[in-house]
Participant: 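Can you keep this structure in mind? I'll have questions shortly.
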2 protein chains.
Amino acid sequence: MTHSTPTGIPEATVARLPVYLRALTTLAEQGTETCSSEALAAAAGVGSAKLRKDLSYLGSYGTRGVGYDVAYLRYQIGREIGLTQDWPVVVVGIGNLGQALANYSGFRSRGFRVVALLDDAPELHGRQVAGLEVRPFRELSSIAERVDLAIGVIAVPADAAQNVADRLVAVGVTSILNFAPAVLAVPDHVAVRKVDLAIELQILAYHQQRRATEAEGASA
Amino acid sequence: MTHSTPTGIPEATVARLPVYLRALTTLAEQGTETCSSEALAAAAGVGSAKLRKDLSYLGSYGTRGVGYDVAYLRYQIGREIGLTQDWPVVVVGIGNLGQALANYSGFRSRGFRVVALLDDAPELHGRQVAGLEVRPFRELSSIAERVDLAIGVIAVPADAAQNVADRLVAVGVTSILNFAPAVLAVPDHVAVRKVDLAIELQILAYHQQRRATEAEGASA
DNA sequence: GCCAGTTTGTTCTCTCGTTCACAAACTCAT
DNA sequence: ATGAGTTTGTGAACGAGAGAACAAACTGGC
């Protein structure tokens, strides 16, 4: 009796759906029309049992004895994670990373539309990046009046991140992707995801060191 | 019971240690010499119980009734995750993202040293990025002979990622940070971490959409 | 129509991670 | 020295996720 939530999809599953979506797109481009859970799982780099369980949360979109229709499943996953909608994105901080994000083709092809590039450095103002003009950060509120900003991307230094987040929340942004190495304090209704490049490397370094000391210990 | 935990530190804890480290650095810069688990947890954005349990895997570095010595704990965590060592890093793919990574100051300050920038685009060769000259990818093997490459960062398009990974593994790299939107197949002894910008946005979009449809349902 | 082969959807179990609660241990004032 | 007040470290309950196994359901041949 799991009457938990109407859309009760576990967080871990949500994080994998985009991976499946990407694998399905690859399969579709190769001309594949139908695939088994085994084949799709291999393309996505997960186990087939986990894949089937993940998909079962969305509904029964496969056919027993046959497999999944690639185009149909792709549509269903895309609909579930909101790919059919158009998400206006504002990028704050147009340094090296911000420019990389603005130019990232993976956004546009997945329903994300970068509508504004903001930075407080005067030397950037007016400069064209990815077909958009860099504007001063203070113009955020006027931009928010024209378009319904859904997602804010923070790519500023750590000491400026909290202020940017506060301003984004103030103009109604409820989803933030934070690249600054800082812990953001936001209201409960705002979702924050953090990507920290240095932390990823440090995790790798830990495992690397562990292997090294392990080898030493084994030889001793 | 011969459990399969070589060092006894859970993966989830390892992923948080760098966060604690960063919080400790901030506290140290503010002149704080001692802090309680409560204060450190707040600075790191986690619960105090989880923090204490995480730290307990490293040892008993706190003092009951007092708290943790910031400098001492910082050293211990840094040593545990290998921050005292020097990790040579090679970045492959010097596009927008690769350049951002090469310039990222957070690497050098944490023991990571970018020793080579590789890209196959001839127009980049010889160009100076972050004080290093961009070299052709084929020079990887000769570079690997001179320095003991620990970590490889892949910032190339998806269709080139697997080939780059294979070459990195061939020259002895055992840790890979992959920014390409592709599933990499590597031998078991190679650790791979994946950062996918589009996926992070898609996860945010899912929650955004869920909130929207939830509000609709509530009003209906 | 029926049987063999295939593949999904789901149930069950086990492992891993989180949270709670509290004893152990330290400081400080008296 | 002792007791009151803190704070750590950890054992135990709790919840979420991973993986194996299997019944249900579909296809195709005869």
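The figures here come from the full heavy-atom set of this structure, side chains too, leaving out hydrogens, waters and symmetry mates. By convention in this document, chain letters (A, B, ...) are assigned in the order of the sequence lines, proteins followed by strands, and residues within each chain are numbered from 1.
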Participant: Under a 4.5 Å cut-off applied to non-hydrogen side-chain atoms, are A:Leu168 and A:Ile154 in contact?
Facilitator: yes
Participant: Just the endpoints, please: which first and last nucleotides of DNA chain D, 5' to 3', lie under 4.0 Å from a heavy atom of chain B?
Facilitator: D:dT6 to D:dA12
Participant: Would the distance check show the side chain of B:Gln162 and the main-chain N or O of B:Ala185 forming a donor-acceptor pair, the cut-off being under 3.5 Å?
Facilitator: yes
Participant: Whole Å only: how far is the NZ atom of A:Lys53 from the C1' atom of C:dT13?
Facilitator: 10 Å
Participant: Report yes or no: do B:Thr13 and B:Asp54 form a side-chain donor-acceptor pair below 3.5 Å?
Facilitator: yes
Participant: Using a heavy-atom cut-off of under 4.0 Å over every strand shown, decide if A:Gly47 touches base, sugar-phosphate, or nothing.
Facilitator: nothing
Participant: Please tell me whether B:Gln99 and B:Asn103 have a donor and an acceptor in their side chains that are separated by less than 3.5 angstrom.
Facilitator: no
Participant: Looking only at side-chain atoms of B:Glu11, point me to the closest of C:dT27, C:dG17, C:dA23.
Facilitator: C:dG17
Participant: Atom CG of A:Leu55 to atom P of C:dT8: distance rounded to whole Å?
Facilitator: 9 Å
Participant: Within the structure provided, determine whether A:Ile77 and A:Leu24 are in side-chain contact (heavy-atom separation under 4.5 Å).
Facilitator: yes
Participant: Angle between the end axes of the helix from C:dG1-D:dC30 to C:dT30-D:dA1, five pairs per end, to the nearest 10 degrees?
Facilitator: 10°
Participant: Between A:Tyr75 and A:Tyr72, is the ring centre distance below 6.0 Å?
Facilitator: no
Participant: Does A:Arg211 reach the main-chain N or O of B:Thr174 with its side chain, forming a donor-acceptor pair under 3.5 Å?
Facilitator: yes
Participant: I need the OH-C1' distance between B:Tyr68 and C:dC26, as an integer number of Å.
Facilitator: 13 Å
Participant: With nearest nucleotides of DNA chain D determined for A:Ala49 and A:Thr63 from heavy-atom distances, which residue corresponds to the more 5′ nucleotide?
Facilitator: A:Ala49
Participant: At less than 4.0 Å, is any side-chain N or O atom of B:Arg16 found next to OP1 or OP2 of C:dT18? Yes or no.
Facilitator: yes
Participant: Ignoring hydrogens and angles, state whether a donor on the side chain of B:Arg52 or B:Ser37 is under 3.5 Å from an acceptor on the partner side chain.
Facilitator: yes
Participant: Would you mind reading off the distance between B:Leu51 atom CG and C:dG17 atom C1', rounded to a whole angstrom?
Facilitator: 15 Å
Participant: To the nearest angstrom, how far is A:Tyr57 atom OH from C:dT8 atom P?
Facilitator: 17 Å
Participant: Can you measure B:Glu38 atom CD to C:dA21 atom P for me and round it to whole angstrom units?
Facilitator: 14 Å
Participant: Name the residue closer to the 5' end of DNA chain D, choosing between B:Arg64 and A:Val66 according to the nucleotide with the nearest heavy atom.
Facilitator: B:Arg64
Participant: Please give, in whole Å, the distance from C:dC12 P to A:Arg52 CZ?
Facilitator: 17 Å
Participant: Report yes if the side chains of B:Ile151 and B:Val173 come closer than 4.5 Å at any heavy-atom pair, otherwise no.
Facilitator: no
